[in-house]
Amino acid sequence: MAWMCMRDSAWKYLQSAHLGGDRNYSHYTSRDFYSQFGLEDFLCTDDIPGTDEDTDSAVLFGTLRGNVVGLRYYTGVVNNNEMVSLQREPNNLYDKNAVKVNNVNGNQVGHIKKELAAPLAYIMDNKLAIVEGIVPYGAKNAFTMPVQMSFWGKEENKQAVLDELKMHGFKLAPPSKSSEFGFGSSWVSGRAGPSYSAPGHGAVQMTTEQAVGTPLLPHQKQALAWMVSRENSKELPLFWEEKNNFYCNTLTNFAEKERPENVLGGILADDMGLGKTLVTIALILTNFHDGKPLPVEKVKSDQLHKESVVTGVKNEGHELLKGTSCNVEPNISSVKKKSETVQSQYSSFRPKRAKAEKPKYTVSSDSEESEEWLPQQTRTKCEKDLPATRKRSKTASCIIQEDTGFASALASPSAPLKKKAKKKDTASVQSVKKNDSEEGPRTTLIICPLSVLSNWIDQFEQHIRPDVHLNIYVYYGPDRSKDPSFLSKQDIVLTTYNILASDYGSRGDSLLHRLKWLRVVLDEGHTIRNPNAQQTKAALNLEAQRRWILTGTPIQNSLKDLWSLLSFLKLKPFTDREWWRRTIQRPVMLGEQGGLRRLQSLIKNITLRRTKTSKIKGKPVLELPERKVFIQHVTLTEEERKIYQSVKNEGKAAISRYFNEGTVLAHYADVLGVLLRLRQLCCHPHLCTNTSSSSCQIGDSTPEELREKLVNKMKLVLSSGSDEECAICLDSLNLPVITHCAHVFCKPCICEVIQSEQPNAKCPLCRNELRVEHLVECPPEESDSSIEKKGDREWISSSKINALMHALIDLRKQNPAVKCLIVSQFTTFLSLIEIPLKESGFVFTRLNGSMAQKKRVQAIQSFQDRQTGSPTIMLLSLKAGGVGLNLTAASRVFLMDPAWNPAAEDQCFDRCHRLGQKQDVIITKFIVKDSVEENMLKIQKKKRELAAGAFAAKKLTVSEVKQTKINEIKTLIDL
DNA sequence: ACCGCCGGGTGCC
DNA sequence: ACCGCCGGGTGCC
């Protein structure tokens, strides 16, 4: 969906600049355009117009050639076709209109000649346009150099800019097609340019030594190998080339003698639940050797085992993870490391290097072809030995002990931790002291939201072997340490974004900013997507050799949001927003192929992202226990059958009549009502008695009565579980409203229809007259008083309840600890089920969609609790809770009534069939024989086939929706 | 010559 | 800057 919020302006611009004139561009499918690059996640630029530079809505007014003067007074140098930055210098003593010219590095090159500076100053000061420069011939200019300027701004400011320039005798050249929107005119189109074909991720040798159980899953090892390779990367960063002893940035053409710093880090963007925390802990441990931290800067190659250089070191650090088998060589400073040991190659876009020896092993971010990531000798072993799930012994680490819960660690973080460190870690503290003065930083700083702080502490506790001397300090709370040397002696400092930001904001001497860190890890790194937020600024100003961003959500940020992350990683020249904007953000927004290619290779280079459905070595990343679905047929009693049959006959007669009249869809709500009652009767006779017959005519009632009837109908449609979609947008209902003809649409959709078809708007489904003032909105949910009412009636059982209770009691006999979900679309039904549950002595809890957050959490927690006496049953309404709902304590599901949409059922099952589920999940669907429920299964089957087929993503047209609905009704009522 | 032309001094904003 | 511009020196051919 992210692509939808792409700004119109970009396309507007595309139209005016590319296609020209009044071409209709609305049919251009931007989704296709972007999805071919797999970049949908990056296309949302939902910025607020008028905020900061607002460059996304800028159009190119034109270009102008000018001169840069005064070169001999400044040191900044520029290559041919290099981008330069134009900055106002209002305080210049000689000319208040001064505009200085800087190169990409921020070194001043010169000034814009004063005659041109005068109008530029006016334009820039009044923010009429952004002026960007590219120097066509920068080299060998002693005194002046030309500069090609592009003027970008809002359409409404174009004339003012033109006028101001004209007043000073300048005229913009219209934007030329070949200029690729000012992004490197001649040089981009003039030469082929580097092709940034996806570089493989560097791999690190691993050994098979000490292969014992494997706590790291294959995809986690892959992530670790990737991270280690990135931390030890010696390749030039992406978009940099070595040319005549210079390092040249291929995007801006900036070049310098000094080698650009490597980006020793990246973005680990795996889905939630894939174990980013664990992998990060493993990464931290790669800096350990013999249970002690590796000296980072001063390590000499010969300190490492000799054979390690050839065959790969047995990674002590890795073994520190409990029961690890897959070893990575120690992760040391790249400067000191022998080059042969690192196999990383990013050579595909550099022919010269490509000829060099081939990497033995490469890691590819493309999960489909990632068999290559492990060395040959390791591969077979790992394949054989990998258990489906991890087993971890529950021993505490040496620093945080069993008794050091999160609360105590937070309440007084320094005291208990310090004490333990002293008591147990004398040796390691000593060794640190000895090396302290001569070594580089040893500390990894982890910043996370407060809510996951405890998770980090738990994970350290769980995964670090007790004999590893690791100092962990939680920098949090009012008593947090103020001693920089204390912090720098830690191996890990854990803190929150709030602490980071408030330290940075309040004290100028923020402790975290005074220290140089070995590594900074931003957990939930998308927290810094807003460049103006204090925590972002604070994070960007941290000094660290290695920088990592962990983020669970796909980087659903806009391109703009991505900037903060890149800036944090310190990939030159993107640390400066102007270069990010000019080389990536705007070209991508304008749909320029080169821009997309660059973004794609950038993302591919610095991020690793796998989803739960990603595959590694052909196997899913997460191997869940099996999920088995059984259908249990239920036969109605004679009495139940009588009622069912009579309601069915009545309903079938009415629906046949609608068919004969051709008014099925006009009576859609009534049809749904009939079907609903039948579905309810399959569950329990008491469910449907209260539902009023909606056969009464709408025409002859008072407005109030009419309104009430319509509201009831809408509620019927919404609550019928039919998963209604709006027939206009074909998406799920947003702000549902009902028409007088009793059809439910999204309010914005139907209003648009009425607007555009004025004055005689007709219902898209039945062509009845439509009026905005006739639309009835859905009133806010009132509390379920009906449930109480039902409770008053004398309770009777039903065939389905009997079947359920039979199954439950049977199950309890086999295993009293097994936990079940009982799922229904009818909360009233769940209430009815409560009674026999109580009678049979089951402890149960309940989760409805309407429950307050606090109650929900309580219900979930008590159910997930494994203690004896905790609830073994949860009553769950089908749609309760989002995808995040975790009910893995349950291994059995009883689905009391089928849903229209099989996806809704699957989603419900996934609440227990997900990461953390250790047992096979057995699902029982109760289906009444010879009833609407059996017909619903038929429809489910069809929908599943459709979803699996080639037209999975195809959206149906309105008439197709109509036909589908009609066919469904026929199937359901046996017509 | 209240010019032109020459050639030295000079040079961002 | 192999320019432009400035201002002093100079002045038929």
Are any side-chain N or O atoms of A/Ser601 and backbone N or O atoms of A/Arg598, one a donor and one an acceptor, separated by less than 3.5 Å?
yes
Work out how far the C1' atom of C/dA1 is from that of C/dC5, and round it to whole angstrom.
12 Å
Integer angstrom distance from the C1' of C/dG8 to that of C/dC13
24 Å
Rounded to whole angstroms, how far apart are [atom1] on [X] and [atom2] on [N]?
X: A/Met145; N: C/dA1; atom1: CE; atom2: C1'; answer: 15 Å
X: A/His111; N: B/dC12; atom1: NE2; atom2: P; answer: 11 Å
X: A/Asn91; N: B/dC13; atom1: CG; atom2: C1'; answer: 13 Å
X: A/Lys113; N: C/dG4; atom1: NZ; atom2: P; answer: 11 Å
X: A/Asn67; N: B/dC13; atom1: CG; atom2: P; answer: 10 Å
X: A/Glu115; N: C/dC5; atom1: CD; atom2: C1'; answer: 12 Å
X: A/Ile112; N: B/dC12; atom1: CD1; atom2: C1'; answer: 11 Å

Aromatic ring proximity, centroids under 6.0 angstrom, A/Trp548 and A/Trp517:
no
Hunt down the Watson-Crick or G-U wobble partner of B/dG9, both distances under 3.5 Å, from any strand shown, or write none.
C/dC5
Is A/Phe143 stacked on the base of C/dA1, with ring centres under 5.5 Å apart and planes under 30° apart?
yes
Under 5.5 Å between ring centres and under 30° between planes: true for A/Tyr94 and the base of B/dC12?
no
How would you label the contact of A/Lys100 with the nucleic acid (heavy atoms, under 4.0 Å): base, sugar-phosphate, or nothing?
nothing
Counting any heavy atom closer than 4.0 Å, what does A/Leu93 reach on the DNA or RNA strands: base, sugar-phosphate only, or nothing?
nothing
Evaluate the ring planes of A/Phe239 and A/Phe574, with Trp represented by its six-membered ring, and classify them as parallel (under 30°), tilted (30 to 60°) or perpendicular (over 60°).
perpendicular
Verify the contact: side-chain N or O of A/Arg72 to OP1 or OP2 of B/dG11, cut-off strictly under 4.0 Å; return yes or no.
no
Does A/Lys114 place a side-chain N or O at less than 4.0 Å from the phosphate oxygens OP1/OP2 of B/dC13?
yes
Take atom NZ in A/Lys257; do more than 12 heavy atoms of anything else shown fall under 6.0 Å from it?
yes
Rounded to the nearest 0.5 Å, what's the gap from CZ on A/Phe143 to CG on A/Asn67? Could you check?
14.0 Å
Polar side-chain contact A/Tyr73-B/dC13 base: donor and acceptor under 3.5 Å
no
Looking only at N and O atoms, is any donor in the side chain of A/Asp95 or the base of B/dC13 less than 3.5 Å from an acceptor on the other one?
no
